[in-house]
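Report on the following structure.
What you see below is based on every heavy atom in this structure, not just the backbone, and it leaves out hydrogens, waters and symmetry mates.
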Amino acid sequence: MMRITSLSALCLLISSFICNSVYAFKVQETCCRDINRPIISVQENYYAGPIIDTHVHFKESYGIKSNYLIGTNPLPQAVILMTTPVITKNLKLNKTIKKLHKDTKRIFGLCPTYMTIFNRSAEYYKKEAYSKKLNEIENNLAQEWCVGIGEIALRHQIKADWHPRIEIHYSNQAFQDILKILNKHNSVLELHNEPILNNESHEKMAFADIEKIGKNYPNIKLVLSHTAMTNPKNLQKLLDISPNVYTNFKITDTKRWVSFGLEPISKRADIYKDWLIFFEKNSKKIMLGSDIKFSRNLEPKKYSRIFGKRLRPLLGKLSKVSAENIGYKNAVEVYNLNTQIFD
(Lines give C-alpha, C1' and ligand atoms only; values in the text may rest on other atoms or scores of the structure.)
Protein backbone atom coordinates (compact mmCIF):
# COMPACT_ATOMS: atom_id res chain seq x y z
CA MET A 1 0.00 0.00 0.00
CA MET A 2 1.32 3.44 -0.94
CA ARG A 3 1.92 5.83 1.98
CA ILE A 4 1.58 9.58 1.54
CA THR A 5 4.27 11.11 3.69
CA SER A 6 3.79 14.81 3.07
CA LEU A 7 1.22 17.39 2.14
CA SER A 8 3.10 18.00 -1.11
CA ALA A 9 2.80 14.33 -2.04
CA LEU A 10 -0.89 14.42 -1.22
CA CYS A 11 -1.32 17.45 -3.47
CA LEU A 12 0.43 15.72 -6.37
CA LEU A 13 -1.81 12.69 -5.94
CA ILE A 14 -4.93 14.84 -5.89
CA SER A 15 -3.75 16.85 -8.86
CA SER A 16 -3.19 13.67 -10.87
CA PHE A 17 -6.69 12.46 -10.01
CA ILE A 18 -8.54 15.65 -10.85
CA CYS A 19 -6.80 16.07 -14.21
CA ASN A 20 -9.08 13.31 -15.47
CA SER A 21 -12.28 15.13 -14.46
CA VAL A 22 -14.86 16.26 -16.99
CA TYR A 23 -14.81 19.93 -16.01
CA ALA A 24 -13.61 22.46 -18.54
CA PHE A 25 -11.61 24.76 -16.29
CA LYS A 26 -7.89 24.12 -16.47
CA VAL A 27 -6.27 24.59 -13.07
CA GLN A 28 -2.95 26.39 -13.35
CA GLU A 29 -1.50 25.42 -9.97
CA THR A 30 -3.13 22.88 -7.70
CA CYS A 31 -3.47 22.48 -3.99
CA CYS A 32 -0.38 23.79 -2.26
CA ARG A 33 0.91 27.35 -2.20
CA ASP A 34 4.41 28.59 -1.53
CA ILE A 35 4.30 31.06 1.36
CA ASN A 36 8.03 31.76 1.13
CA ARG A 37 7.93 33.99 -1.93
CA PRO A 38 8.92 37.69 -2.07
CA ILE A 39 6.84 40.18 -0.09
CA ILE A 40 6.61 43.96 -0.13
CA SER A 41 6.11 45.95 3.06
CA VAL A 42 2.96 48.08 3.18
CA GLN A 43 4.26 50.41 5.87
CA GLU A 44 5.82 53.17 3.72
CA ASN A 45 3.04 54.61 1.51
CA TYR A 46 -0.50 55.77 2.17
CA TYR A 47 -3.65 56.10 0.08
CA ALA A 48 -5.85 58.90 1.41
CA GLY A 49 -8.66 58.76 -1.16
CA PRO A 50 -12.22 57.38 -0.87
CA ILE A 51 -12.78 53.76 0.14
CA ILE A 52 -15.78 51.46 -0.03
CA ASP A 53 -15.60 48.31 2.09
CA THR A 54 -17.68 45.79 0.17
CA HIS A 55 -17.60 42.93 2.68
CA VAL A 56 -18.58 43.63 6.29
CA HIS A 57 -20.32 41.28 8.76
CA PHE A 58 -21.99 42.01 12.07
CA LYS A 59 -23.96 40.25 14.75
CA GLU A 60 -27.40 41.73 15.34
CA SER A 61 -26.90 41.56 19.09
CA TYR A 62 -23.92 43.94 18.94
CA GLY A 63 -26.01 47.04 18.30
CA ILE A 64 -23.85 48.39 15.49
CA LYS A 65 -23.83 52.16 14.85
CA SER A 66 -23.11 53.99 11.61
CA ASN A 67 -20.11 55.89 13.03
CA TYR A 68 -18.43 52.55 13.74
CA LEU A 69 -18.39 51.87 9.99
CA ILE A 70 -18.12 55.07 7.98
CA GLY A 71 -16.55 58.49 8.40
CA THR A 72 -13.46 60.43 7.49
CA ASN A 73 -10.04 59.00 6.70
CA PRO A 74 -9.02 56.34 7.61
CA LEU A 75 -12.58 54.93 7.79
CA PRO A 76 -14.43 54.03 4.56
CA GLN A 77 -16.92 56.43 3.01
CA ALA A 78 -19.38 53.58 2.44
CA VAL A 79 -19.78 49.90 3.38
CA ILE A 80 -21.82 46.87 2.35
CA LEU A 81 -23.14 44.66 5.17
CA MET A 82 -24.03 40.98 4.86
CA THR A 83 -24.57 37.73 6.70
CA THR A 84 -21.83 35.13 6.97
CA PRO A 85 -22.11 31.75 5.23
CA VAL A 86 -22.38 30.02 8.61
CA ILE A 87 -25.54 31.90 9.64
CA THR A 88 -28.66 29.92 8.84
CA LYS A 89 -31.11 32.77 9.30
CA ASN A 90 -31.15 36.29 10.64
CA LEU A 91 -34.63 37.76 10.62
CA LYS A 92 -33.55 41.16 11.97
CA LEU A 93 -30.72 41.87 9.56
CA ASN A 94 -32.86 43.48 6.86
CA LYS A 95 -34.48 45.85 9.35
CA THR A 96 -31.10 46.95 10.71
CA ILE A 97 -29.56 47.59 7.29
CA LYS A 98 -32.66 49.48 6.13
CA LYS A 99 -32.40 51.81 9.12
CA LEU A 100 -28.66 52.37 8.70
CA HIS A 101 -29.15 53.07 5.01
CA LYS A 102 -32.00 55.49 5.65
CA ASP A 103 -29.92 57.38 8.20
CA THR A 104 -26.72 57.57 6.13
CA LYS A 105 -27.31 56.66 2.45
CA ARG A 106 -23.79 55.22 2.68
CA ILE A 107 -24.49 51.88 4.31
CA PHE A 108 -25.89 49.20 2.00
CA GLY A 109 -26.56 45.50 2.30
CA LEU A 110 -26.61 42.20 0.50
CA CYS A 111 -29.99 40.52 0.89
CA PRO A 112 -29.70 37.53 3.22
CA THR A 113 -30.77 34.28 1.62
CA TYR A 114 -31.54 32.41 4.86
CA MET A 115 -29.04 29.66 4.33
CA THR A 116 -31.48 27.03 5.57
CA ILE A 117 -33.01 27.07 2.09
CA PHE A 118 -29.70 25.70 0.85
CA ASN A 119 -28.86 23.34 3.67
CA ARG A 120 -32.29 21.97 4.54
CA SER A 121 -34.76 23.33 2.01
CA ALA A 122 -36.65 20.07 1.44
CA GLU A 123 -37.26 19.34 5.11
CA TYR A 124 -37.29 22.84 6.61
CA TYR A 125 -39.68 24.72 4.36
CA LYS A 126 -43.11 23.87 3.11
CA LYS A 127 -43.55 24.72 -0.56
CA GLU A 128 -45.55 27.88 0.19
CA ALA A 129 -42.99 29.18 2.69
CA TYR A 130 -40.12 28.51 0.29
CA SER A 131 -41.83 30.44 -2.51
CA LYS A 132 -42.58 33.29 -0.11
CA LYS A 133 -38.92 33.47 0.88
CA LEU A 134 -37.80 33.63 -2.75
CA ASN A 135 -40.32 36.40 -3.40
CA GLU A 136 -38.98 38.30 -0.40
CA ILE A 137 -35.44 38.06 -1.74
CA GLU A 138 -36.54 39.26 -5.17
CA ASN A 139 -38.51 42.16 -3.68
CA ASN A 140 -35.49 43.20 -1.61
CA LEU A 141 -33.41 43.54 -4.78
CA ALA A 142 -35.73 46.30 -5.93
CA GLN A 143 -34.90 48.36 -2.83
CA GLU A 144 -32.10 50.93 -2.76
CA TRP A 145 -30.51 49.46 0.37
CA CYS A 146 -30.11 45.99 -1.14
CA VAL A 147 -27.37 45.83 -3.77
CA GLY A 148 -27.11 42.07 -4.29
CA ILE A 149 -27.26 38.67 -2.60
CA GLY A 150 -24.73 37.02 -0.32
CA GLU A 151 -22.48 35.97 1.15
CA ILE A 152 -23.30 32.49 -0.17
CA ALA A 153 -20.91 29.58 0.34
CA LEU A 154 -20.82 26.55 -1.91
CA ARG A 155 -17.73 25.41 -0.02
CA HIS A 156 -16.51 26.59 3.37
CA GLN A 157 -13.77 24.93 5.39
CA ILE A 158 -13.26 24.83 9.13
CA LYS A 159 -11.00 27.71 10.13
CA ALA A 160 -12.33 28.00 13.67
CA ASP A 161 -13.83 25.50 16.07
CA TRP A 162 -17.34 26.87 15.56
CA HIS A 163 -17.17 26.91 11.75
CA PRO A 164 -19.16 24.30 9.85
CA ARG A 165 -17.81 22.59 6.78
CA ILE A 166 -20.15 23.51 3.93
CA GLU A 167 -20.37 21.62 0.65
CA ILE A 168 -23.30 22.43 -1.63
CA HIS A 169 -23.60 21.11 -5.16
CA TYR A 170 -23.99 23.56 -8.02
CA SER A 171 -27.22 21.85 -9.09
CA ASN A 172 -28.88 22.49 -5.70
CA GLN A 173 -32.38 23.71 -6.57
CA ALA A 174 -32.38 26.61 -4.11
CA PHE A 175 -29.04 27.82 -5.46
CA GLN A 176 -30.36 27.61 -9.02
CA ASP A 177 -33.47 29.57 -7.99
CA ILE A 178 -31.26 32.31 -6.55
CA LEU A 179 -29.16 32.42 -9.72
CA LYS A 180 -32.29 32.85 -11.85
CA ILE A 181 -33.47 35.76 -9.72
CA LEU A 182 -30.07 37.45 -9.89
CA ASN A 183 -29.78 36.94 -13.63
CA LYS A 184 -33.25 38.44 -14.14
CA HIS A 185 -32.29 41.58 -12.19
CA ASN A 186 -28.70 41.93 -13.49
CA SER A 187 -27.63 41.87 -9.86
CA VAL A 188 -24.63 40.86 -7.75
CA LEU A 189 -23.80 37.49 -6.19
CA GLU A 190 -21.11 37.43 -3.51
CA LEU A 191 -19.77 33.85 -3.66
CA HIS A 192 -17.56 32.15 -1.08
CA ASN A 193 -16.24 29.05 -2.83
CA GLU A 194 -13.09 27.59 -1.30
CA PRO A 195 -11.04 25.38 -3.62
CA ILE A 196 -9.18 23.69 -0.76
CA LEU A 197 -11.22 22.13 2.05
CA ASN A 198 -8.96 21.15 4.94
CA ASN A 199 -6.05 20.14 2.67
CA GLU A 200 -8.31 18.32 0.21
CA SER A 201 -8.33 19.71 -3.32
CA HIS A 202 -11.73 20.72 -4.68
CA GLU A 203 -10.21 23.04 -7.24
CA LYS A 204 -11.54 21.44 -10.41
CA MET A 205 -15.13 21.45 -9.18
CA ALA A 206 -14.94 24.83 -7.44
CA PHE A 207 -13.53 26.61 -10.48
CA ALA A 208 -15.83 24.76 -12.87
CA ASP A 209 -18.83 25.96 -10.82
CA ILE A 210 -17.66 29.56 -11.23
CA GLU A 211 -17.26 28.97 -14.95
CA LYS A 212 -20.81 27.59 -15.15
CA ILE A 213 -22.28 30.62 -13.39
CA GLY A 214 -20.42 32.99 -15.70
CA LYS A 215 -21.58 31.21 -18.84
CA ASN A 216 -25.10 30.08 -17.87
CA TYR A 217 -26.09 33.30 -16.10
CA PRO A 218 -24.30 36.06 -18.04
CA ASN A 219 -26.24 38.94 -16.44
CA ILE A 220 -25.01 38.14 -12.91
CA LYS A 221 -22.19 40.26 -11.56
CA LEU A 222 -20.23 37.53 -9.79
CA VAL A 223 -17.95 38.68 -6.98
CA LEU A 224 -15.55 35.99 -5.75
CA SER A 225 -14.93 36.42 -2.02
CA HIS A 226 -11.37 36.80 -0.78
CA THR A 227 -9.53 36.47 -4.15
CA ALA A 228 -11.38 33.16 -4.65
CA MET A 229 -8.90 31.81 -2.09
CA THR A 230 -6.49 30.69 -4.79
CA ASN A 231 -3.30 31.90 -6.44
CA PRO A 232 -2.95 34.67 -9.04
CA LYS A 233 -2.67 32.26 -11.98
CA ASN A 234 -5.97 30.55 -11.27
CA LEU A 235 -7.69 33.81 -10.34
CA GLN A 236 -6.59 35.37 -13.62
CA LYS A 237 -8.36 32.61 -15.52
CA LEU A 238 -11.46 33.04 -13.38
CA LEU A 239 -11.60 36.80 -13.98
CA ASP A 240 -11.17 36.17 -17.71
CA ILE A 241 -14.27 33.94 -17.86
CA SER A 242 -16.57 36.93 -18.25
CA PRO A 243 -16.55 40.73 -18.01
CA ASN A 244 -18.99 40.23 -15.11
CA VAL A 245 -16.62 38.23 -12.88
CA TYR A 246 -14.91 40.24 -10.13
CA THR A 247 -13.17 39.58 -6.84
CA ASN A 248 -12.46 41.26 -3.52
CA PHE A 249 -9.55 40.89 -1.14
CA LYS A 250 -8.89 41.32 2.55
CA ILE A 251 -5.95 41.67 4.88
CA THR A 252 -5.92 39.85 8.16
CA ASP A 253 -3.18 38.87 10.56
CA THR A 254 -5.26 36.14 12.18
CA LYS A 255 -2.76 33.30 12.43
CA ARG A 256 -5.27 30.53 11.92
CA TRP A 257 -6.55 32.03 8.66
CA VAL A 258 -3.09 32.92 7.31
CA SER A 259 -1.89 29.38 8.00
CA PHE A 260 -4.20 28.13 5.25
CA GLY A 261 -2.39 30.31 2.72
CA LEU A 262 -5.64 31.64 1.24
CA GLU A 263 -4.82 35.34 1.01
CA PRO A 264 -2.31 37.54 -0.88
CA ILE A 265 -0.50 38.46 2.32
CA SER A 266 2.27 37.42 4.65
CA LYS A 267 1.83 36.74 8.35
CA ARG A 268 2.72 40.39 8.98
CA ALA A 269 0.02 41.43 6.51
CA ASP A 270 2.56 42.58 3.91
CA ILE A 271 1.54 41.86 0.34
CA TYR A 272 3.18 39.22 -1.83
CA LYS A 273 4.95 40.69 -4.85
CA ASP A 274 3.11 38.47 -7.35
CA TRP A 275 -0.22 39.69 -5.96
CA LEU A 276 0.87 43.32 -6.19
CA ILE A 277 1.63 42.80 -9.87
CA PHE A 278 -1.73 41.06 -10.28
CA PHE A 279 -3.56 43.96 -8.62
CA GLU A 280 -2.02 46.46 -11.04
CA LYS A 281 -2.90 44.34 -14.07
CA ASN A 282 -6.49 43.69 -12.94
CA SER A 283 -7.29 46.89 -11.10
CA LYS A 284 -10.71 47.19 -12.77
CA LYS A 285 -11.75 43.75 -11.50
CA ILE A 286 -10.82 43.98 -7.81
CA MET A 287 -12.53 45.54 -4.79
CA LEU A 288 -11.69 45.88 -1.14
CA GLY A 289 -13.65 43.60 1.19
CA SER A 290 -12.29 43.56 4.74
CA ASP A 291 -14.39 40.59 5.94
CA ILE A 292 -14.60 42.33 9.31
CA LYS A 293 -17.03 40.78 11.78
CA PHE A 294 -18.37 43.35 14.23
CA SER A 295 -19.03 41.67 17.55
CA ARG A 296 -18.26 42.25 21.22
CA ASN A 297 -14.56 41.56 20.68
CA LEU A 298 -14.13 43.98 17.77
CA GLU A 299 -14.21 47.59 18.83
CA PRO A 300 -14.69 50.43 16.31
CA LYS A 301 -11.13 51.67 16.95
CA LYS A 302 -9.76 48.37 15.73
CA TYR A 303 -11.68 48.71 12.47
CA SER A 304 -10.20 52.17 11.99
CA ARG A 305 -6.68 50.86 12.67
CA ILE A 306 -7.07 48.15 10.03
CA PHE A 307 -7.59 50.83 7.41
CA GLY A 308 -5.02 53.27 8.74
CA LYS A 309 -2.26 50.72 9.33
CA ARG A 310 -2.98 48.03 6.73
CA LEU A 311 -5.39 48.70 3.88
CA ARG A 312 -4.63 52.31 3.02
CA PRO A 313 -0.86 51.71 3.11
CA LEU A 314 -1.34 48.69 0.85
CA LEU A 315 -3.32 50.74 -1.70
CA GLY A 316 -0.52 53.29 -1.45
CA LYS A 317 1.79 50.76 -3.07
CA LEU A 318 -0.32 50.88 -6.24
CA SER A 319 -0.56 53.52 -8.94
CA LYS A 320 -3.11 56.27 -8.28
CA VAL A 321 -5.46 54.88 -10.96
CA SER A 322 -5.29 51.32 -9.60
CA ALA A 323 -5.70 52.47 -6.00
CA GLU A 324 -8.82 54.45 -6.85
CA ASN A 325 -10.30 51.63 -8.93
CA ILE A 326 -9.81 49.09 -6.17
CA GLY A 327 -10.52 51.53 -3.36
CA TYR A 328 -13.95 52.65 -4.53
CA LYS A 329 -14.62 53.11 -8.27
CA ASN A 330 -15.17 49.43 -9.05
CA ALA A 331 -17.61 49.09 -6.15
CA VAL A 332 -19.63 52.07 -7.38
CA GLU A 333 -19.97 50.44 -10.82
CA VAL A 334 -20.49 46.81 -9.78
CA TYR A 335 -23.04 47.54 -7.04
CA ASN A 336 -24.59 50.47 -8.94
CA LEU A 337 -24.14 52.83 -6.00
CA ASN A 338 -25.23 56.44 -6.00
CA THR A 339 -22.10 58.55 -6.48
CA GLN A 340 -23.61 61.23 -4.24
CA ILE A 341 -22.21 59.25 -1.31
CA PHE A 342 -18.95 61.11 -1.96
CA ASP A 343 -20.49 64.58 -1.91
For the side-chain contact (heavy atoms from CB on, under 4.5 Å) test, which of Thr247, Val245, Leu222 pairs with Leu191? Leu222
Non-neighbouring partners of Thr72 that pass side chain to side chain donor-acceptor pair (under 3.5 Å), sequence neighbours left out: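 Listed in chain order: nothing, the list is empty.
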Can a donor-acceptor pair be found, under 3.5 Å and without considering hydrogens, that links the side chain of [X] to the backbone of [Y]?
{"X": "Asp53", "Y": "Val79", "result": "no"}
{"X": "Ser283", "Y": "Phe279", "result": "no"}
{"X": "Asn219", "Y": "Asn186", "result": "no"}
{"X": "Arg312", "Y": "Pro74", "result": "yes"}
{"X": "His169", "Y": "Ser171", "result": "yes"}
{"X": "Asn325", "Y": "Asn330", "result": "no"}
{"X": "Lys221", "Y": "Leu189", "result": "no"}
{"X": "Glu280", "Y": "Ser319", "result": "yes"}
{"X": "Asp291", "Y": "Val56", "result": "no"}

[X] versus [Y]: any side-chain heavy-atom pair under 4.5 Å?
{"X": "Ile70", "Y": "Leu75", "result": "no"}
{"X": "Lys215", "Y": "Ser242", "result": "no"}
{"X": "Asp209", "Y": "Arg155", "result": "yes"}
{"X": "Ile286", "Y": "Tyr246", "result": "no"}

Please evaluate residues Tyr272 and Asn231 with respect to the criterion side chain to side chain donor-acceptor pair (under 3.5 Å), reporting the C-alpha separation (whole Å), side-chain torsions for both, the decisive distance (0.1 Å), and the verdict. CA-CA 11 Å; Tyr272 287 118; Asn231 56 59; over 6 Å; no
May I have the step-by-step check of side chain to side chain contact (heavy atoms under 4.5 Å, CB included) for Ile241 and Leu238, ending in yes or no? CA-CA 5 Å; Ile241 287 173; Leu238 292 172; 4.0 Å; yes
Got a second to check how far [X]'s [atom1] is from [Y]'s [atom2], nearest 0.5 Å?
{"X": "Gln143", "Y": "Phe108", "atom1": "CD", "atom2": "CZ", "result": "13.5 Å"}
{"X": "Lys133", "Y": "Ile178", "atom1": "NZ", "atom2": "CD1", "result": "11.0 Å"}
{"X": "Glu211", "Y": "Asn216", "atom1": "CD", "atom2": "CG", "result": "9.5 Å"}
{"X": "Ser131", "Y": "Glu136", "atom1": "OG", "atom2": "CD", "result": "13.0 Å"}
{"X": "Leu134", "Y": "Asn139", "atom1": "CG", "atom2": "CG", "result": "11.0 Å"}

With no hydrogens and no angle check, do the side chains of [X] and [Y] hold a donor and an acceptor under 3.5 Å apart?
{"X": "Asn172", "Y": "Gln176", "answer": "no"}
{"X": "Tyr217", "Y": "Asn244", "answer": "no"}
{"X": "Glu190", "Y": "Ser225", "answer": "yes"}
{"X": "Glu203", "Y": "Thr230", "answer": "no"}
{"X": "Asp103", "Y": "Ser66", "answer": "no"}

Applying salt bridge (Lys or Arg N to Asp or Glu O under 4.0 Å), can you list everything that pairs with Lys184, at least two apart in sequence or on another chain?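 Listed in chain order: Glu138.
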Test side chain to side chain contact (heavy atoms under 4.5 Å, CB included) on Leu235 and Leu224; report intermediate values, then the result. CA-CA 9 Å; Leu235 185 55; Leu224 306 176; 4.2 Å; yes
Let's go through Phe294 and His57 carefully: what are the C-alpha distance in whole Å and the side-chain angles of both, what is the deciding distance for ring pair (Phe, Tyr, Trp, His ring centres under 6.0 Å) to 0.1 Å, and is it a yes or a no? CA-CA 6 Å; Phe294 272 89; His57 301 291; over 10 Å; no
What pair of heavy atoms forms the shortest contact from [X] to [Y], and how long is it?
{"X": "Val223", "Y": "Met287", "answer": "CG2-CE, 3.8 Å"}
{"X": "Ile51", "Y": "Phe307", "answer": "CG2-CE2, 3.8 Å"}
{"X": "Ala228", "Y": "Pro195", "answer": "O-CD, 3.5 Å"}
{"X": "Ile220", "Y": "Leu179", "answer": "CD1-O, 3.5 Å"}
{"X": "Trp145", "Y": "Cys111", "answer": "CH2-SG, 4.5 Å"}
{"X": "Tyr303", "Y": "Ser290", "answer": "CE1-OG, 4.0 Å"}

Inspect the contact between Lys233 and Asp274 and indicate whether a charged nitrogen and a carboxylate oxygen are less than 4.0 angstrom apart. no
Salt bridge between Lys329 and Glu333, side-chain N to carboxylate O under 4.0 Å?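 Looking at Glu333 together with Lys329, the answer is no, because their closest N to O distance does not fall below 4.0 Å.
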Please say whether more than 12 non-hydrogen atoms of neighbouring residues, nucleotides or ligands are located less than 6.0 Å from NZ in Lys284. no
Is there a side chain to side chain contact (heavy atoms under 4.5 Å, CB included) between His55 and Met82 once you walk through the steps? CA-CA 7 Å; His55 197 112; Met82 66 193 72; 3.7 Å; yes
is_close_aromatic(Phe278, Trp275), centroid dist under 6.0 Å: yes
As a quick check of understanding, evaluate side chain to side chain contact (heavy atoms under 4.5 Å, CB included) for His202 and Glu194, giving each step before the final call. CA-CA 8 Å; His202 290 238; Glu194 296 185 39; over 6 Å; no
Cation-pi geometry met for Lys212 and Tyr170 (6.0 Å, 45°):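 Relative to the ring axis of Tyr170, which defines the angle, Lys212 lies inside both limits.
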